[in-house]
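Report on the following structure.
Lettering follows sequence order; numbering is per chain, from 1. Fair warning: this is a prediction, and the values are worked out from it, not measured in the lab. All heavy atoms count here, side chains included; hydrogens, waters and symmetry mates do not.
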Number of protein chains: 2
Amino acid sequence: MTKRSYHHGDLRAALLDVAIEAIAEQGVAHLSLRDCARRIGVSHAAPYRHFATKEALLLALAEQGFRWLVDEARAAMAACEQPAERLDAYGVAYVRFAVDHPEHHRIMFTSELSPEVDVDGPSAADEAFALLVEQAAAVSESEDPEAAAFAYWSLVHGMSMLIIDGRVPAERLASRGAVEELARTAFRIWRSGAV
Amino acid sequence: MTKRSYHHGDLRAALLDVAIEAIAEQGVAHLSLRDCARRIGVSHAAPYRHFATKEALLLALAEQGFRWLVDEARAAMAACEQPAERLDAYGVAYVRFAVDHPEHHRIMFTSELSPEVDVDGPSAADEAFALLVEQAAAVSESEDPEAAAFAYWSLVHGMSMLIIDGRVPAERLASRGAVEELARTAFRIWRSGAV
DNA sequence: CCTCCAGTGTTGTCACTGTCAACATAAGGG
DNA sequence: CCCTTATGTTGACAGTGACAACACTGGAGG
């Protein structure tokens, strides 16, 4: 709070926070590193000590998002014992994460980023998918487990996107529990073969 | 080809074309109206006679995309008689459209656009969803048809996104027919209750 | 056929941005 | 205690979106 003269303390984290704030206000297209610096009260070139490029900042946000997602998914699954329950807990957590962190979710799946392959092990994104495949494999006995995981991922990913893009009528999203209800309804409809 | 002195002829259409080209090359984040003008061989302010703003250009691309999607979906469904077949034809067309026009697809679902409600009737996007609801309603007898449509849309939308974001291994997308196969496999897996 | 005007393209300009290079300051290990 | 190194600052440059003022031109109405 008090003015930390010259050195900020944790500018990198502050940039990540303030960037999400700015994106929520003005959209990712209008994100400006200079504006972020201004909000923090630091010079316009300071961000470059922490991110080589604006894209690098966005990549860091995506990585952060995937790590949070994995954490939340693990926490949600911890309460379940049956494989099927665990899988759906993941699904619900996935959609809830998107609703709670729409900016992160959108950045996480902005493919134009990350053309260069990271050398430092599998990314958090890979971990999130691997975790999903694992759960799906535990449910579908004989099927191609990767295909099943892909189908499952598609459904929850599509739901997330459509919700945060405002394609779902507001009255279906009234309460917080509504998101979970919506997700479980979609699961039920598909599994019942009604569509 | 020959230099059309002063007046271009159809600069608006040329801008839409060249914008998609530029986006495919450099990503939507690096789209520049001045660069588009340069590619066409027109002055840097000419685009503003046709689009009030860069966002307006992107909105026009989205509208164009939804119109194409509706056309292709209608064409695909025309060959089918059974409601269930028609619905799946829509779904396959949806995914195929995304694969064939990834830039359009991404722009179409970049929610940060279109905050102002259009007055001139329902947008092409609304039409696309209405068409889907119609097909879904014809299939699911007693269920909430909108919920069923939403579930269906979620699956095909998620598949599209994951594919164009490069989350599907390349070997599953070898041939053109592979996309259709992938989509139908996902439908089957869900309907069989295997996941 | 002429005129004139609305639509379209141009030139010039402004504030702002991403990025880099050169410099300043702090913080902590030898 | 000093000096290396990480971090922050200042200054600069080219490129951008957007606007205003101006130029060209094709076609409608006389």
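- When the C1' atom of D:dT16 is taken as reference, atom CD of B:E55 falls 15 Å away, rounded to whole Å.
- Listed nucleotides: C:dT19, D:dG8, D:dT16. Nearest to the side chain of A:H50: D:dG8.
- Checking the phosphate oxygens (OP1, OP2) of C:dC16, no side-chain nitrogen or oxygen of A:S32 falls inside 4.0 Å.
- Between A:D71 and A:R74 no salt bridge is recorded (no basic side-chain N to carboxylate O distance below 4.0 Å).
- Atom CG in B:D10 sits roughly 10 Å away from atom P in C:dT8 (whole-Å rounding).
- At a threshold of 4.5 Å between non-hydrogen side-chain atoms, the residues B:D165 and B:R106 count as touching.
- With rounding to whole Å, B:Y48 atom OH is found 15 Å from C:dT10 atom C1'.
- The distance between the ring centers of A:F150 and A:F129 does not fall below 6.0 angstrom.
- A donor N or O paired with an acceptor N or O is not found under 3.5 Å between the base of D:dG15 and the side-chain atoms of B:H44.
- Side-chain N/O atoms of B:H30 include none lying less than 4.0 angstrom from OP1 or OP2 on D:dG15.
- Residues from residues 13-26 of chain B that place a heavy atom under 4.0 Å from any atom of DNA chain C: there are none.
- Checked against a 6.0 Å centroid threshold, the rings of B:W68 and B:F97 do not count as neighbours.
- Closest to the side chain of A:A45, from the set D:dT10, D:dA20, C:dT19, is D:dT10.
- Close to D:dG8, at under 4.0 Å from its OP1 or OP2, lies no side-chain N or O of A:S43.
- Rounded to whole angstrom, the span from the CZ atom of A:R34 across to the P atom of D:dA12 amounts to 13 Å.
- Using a cutoff of 4.0 Å between basic side-chain nitrogens and carboxylate oxygens, A:R96 and A:E72 are not scored as salt-bridged.
- The aromatic rings of B:H105 and B:F109 sit tilted relative to each other, their planes meeting at an angle between 30° and 60°.
- For the OP1/OP2 pair of D:dA18 and a distance below 4.0 Å, the side-chain nitrogens and oxygens of B:T53 include at least one atom meeting the criterion.
- Rounded to an integer number of Å, the gap from B:L31 CG to D:dA18 P is 11 Å.
- Using a cutoff of 4.0 Å between basic side-chain nitrogens and carboxylate oxygens, A:R188 and A:D88 are not scored as salt-bridged.
- In this entry the distance linking CG of A:D35 with P of C:dA15 reads 18 Å, nearest Å.
- Contact annotation for A:R38: backbone-only contact, meaning every heavy-atom pair under 4.0 Å involves sugar-phosphate atoms and none involves a base.
- Regarding B:K54, its NZ atom lies at a distance of 8 Å from the C1' atom of D:dG17, rounded to whole Å.
- Dashed line: the shortest gap from a side-chain N or O of B:R49 to OP1 or OP2 of D:dC19 is not under 4.0 Å.
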